[in-house]
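In what follows, a single structure is set out as structure tokens and then discussed.
Every number for a ligand or one of its atoms is a count from 1 in the order of the listing. Index from 1, following the sequence.
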Amino acid sequence: MPYRSGRHFLQIPGPTNVPDRVLRAIDRATMDHRGPEFGKIGLEILEGLKAVFQTKQPVVIYPASGTGAWEAALVNTLSPGDRVLMFETGHFASLWHKMATKLGLSVDLVPTDWRRGVDPAAVEAKLREDREHRIKAVCVVHNETSTGVASRIGAIRKAIDAAGHPALYMVDTISSLASIDYRHDEWGVDVTVAGSQKGLMLPPGLSFNCVSEKAGKASRSAKLPRSYWAWDEMLSNNKSGYFPYTPATNLLYGLRESLAMLEEEGLQNVFARHARHAEGTRRAVRAWGLEILCASPEEYSNSLTAVMMPAGHDADALRKIILEAYDMSLGTGLGKLAGKVFRIGHLGDFNDLMLAGTLAGIEMGFALAGVPHRKGGVLAALDHLAESARAAPRKAA
Ligand SMILES: *Cc1c(COP(=O)(O)O)cnc(C)c1O
């Protein structure tokens, strides 16, 4: 590879750009994780995380990618053969389903066309049918990172309540936490699964379970085998800020910094910023004359946009040209969307000029790759940014 000046544009929907402040926080000596100083940091982080999940419940931190936290959610609460209701909204929902099956759960998988989220009415209907309450958990991916579709977690909670069903509610927020409004307590979620490398602006390597009282109770009778993922030892050690095994010390330094940054900006402002950049991106896509994969405007994702390629044009060929010409990485099409879509990540540590640069790279890439499009996508986004600029930065409450 020849030398490339300037910064690489990492516009995949995770891992995201890690801010310099976080990199600097990570770059310090690793300390004794059983020593006196560590417990204070541990307590500060475990408490600080609650604001981001909008919860008063405990949050468990694993030195693992998001997939680990998926497994932890299932093995801590369920028993072999338990029935679980899942929705195939895209690639990540499919992977979670595959894992549940491997763990010996009996999954009722509701298909979708990968262009919309979980239908609350379908949840209600499925649960009403289950008069004997054999379904033990409803699992939903909040923001389907493969499609750019965000399911309505609060509305699904209402559907579960309307059916009067006692199933646990588990939600994957790996690509929505700290980007799209998410309320663990208000929406009555029992286990929230999250990861470090997307909205939290950290490198990969940490993942989370936010655990409701009901989930904690379920864990006491759940029979799936677990050891590394077990909540009980973790939660009892966490009370004093420590961990049962070696935590990812330096990533935790980074997490402390990213939590401080989110607090400084104000969580509501963080959500508004993501919404504004997402809308600018969608206006660009429409101006190019291309189609957004998400078919339901009330479910548009604010952390990424999946763009459908014109027939006969390969998304990965375009991505390769953009990487080589402009040093920008865009998200590939996953699973059955391979070659058909590319994904623009607009989450994490991101601002107006980064969005402008990202969209400019794509528009120039279309021309280089011979992808049919109309010019003016960047301009449409800039117009949106200008129109909405005055509403953008509000003082943190
Ligand atoms: C990224 C992602 C995952 C996978 O997480 P890993 O950290 O790669 O294990 C799962 N679910 C969603 C929604 C994601 O965006």
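Side-chain N/O atoms of H277 and D352 include a donor and acceptor closer than 3.5 Å. Side chain to side chain, W231 and N209 meet the donor-acceptor criterion of an N or O pair below 3.5 Å.
Short contacts between ligand 1 and T145, defined as distances under 4.0 Å to a heavy atom of the residue, involve ligand atoms 12 (C), 13 (C), 14 (C), 15 (O). Counting the atoms of ligand 1 from 1 in the order shown, those under 4.0 Å from a heavy atom of S65 are 6 (P), 7 (O), 9 (O). If you number the atoms of ligand 1 from 1 as listed, the ones under 4.0 Å from a heavy atom of G66 come out as 5 (O), 6 (P), 7 (O), 9 (O). Per-residue contacts place N143 under 4.0 angstrom from the following atoms of ligand 1 (heavy atoms of the residue considered): 13 (C). Every atom of ligand 1 with a heavy atom of V141 under 4.0 Å away is listed here by number and element: 13 (C).
The protein atom (non-hydrogen) at minimum distance from atom 4 (C) of ligand 1 is F92 CE2, 3.9 Å. Given atom 11 (N) of ligand 1, the protein heavy atom at minimum distance is D172 OD2, 2.7 Å. Of the protein's non-hydrogen atoms, K198 NZ, 1.4 Å is the one closest to atom 1 (C) of ligand 1.
In this structure, R131 places its CZ atom where only 12 or fewer heavy-atom neighbours from other residues, nucleotides or ligands lie under 6.0 Å away. Within a 6.0 Å radius of NZ in K158, no more than 12 heavy atoms belonging to other residues, nucleotides or ligands are found.
Remark: distances from the non-hydrogen atoms of E144 to ligand 1 are all 4.0 Å or more. Contact annotation: Q197 has at least one heavy atom less than 4.0 Å from an atom of ligand 1.
In this structure, Y62 contributes its side chain and W229 its backbone to a donor-acceptor pair below 3.5 Å.
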How far apart are the C-alpha atoms of D82 and L224, what are their side-chain angles, what is the distance that settles it, and do they pass the side-chain contact (heavy atoms from CB on, under 4.5 Å) test?
-> CA-CA 10 Å; D82 272 356; L224 277 176; over 6 Å; no
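The aromatic rings of Y228 and Y245 lie parallel to each other, with less than 30° between the two planes, well short of the 60° mark. Note on ring orientation: taking the six-membered ring where Trp is involved, the planes of H373 and F366 are tilted (angle from 30° to 60°). Ring geometry, Y182 versus H142: the interplanar angle falls from 30° to 60°, so the pair is classed tilted.
Here T67 has heavy atoms under 4.0 Å from ligand 1 in both its backbone and its side chain. Under 4.0 angstrom from ligand 1, the non-hydrogen atoms of W70 all belong to its side chain.
When the options V193, L304, L334, I174 are ranked by their closest heavy atom to atom 10 (C) of ligand 1, first place goes to I174.
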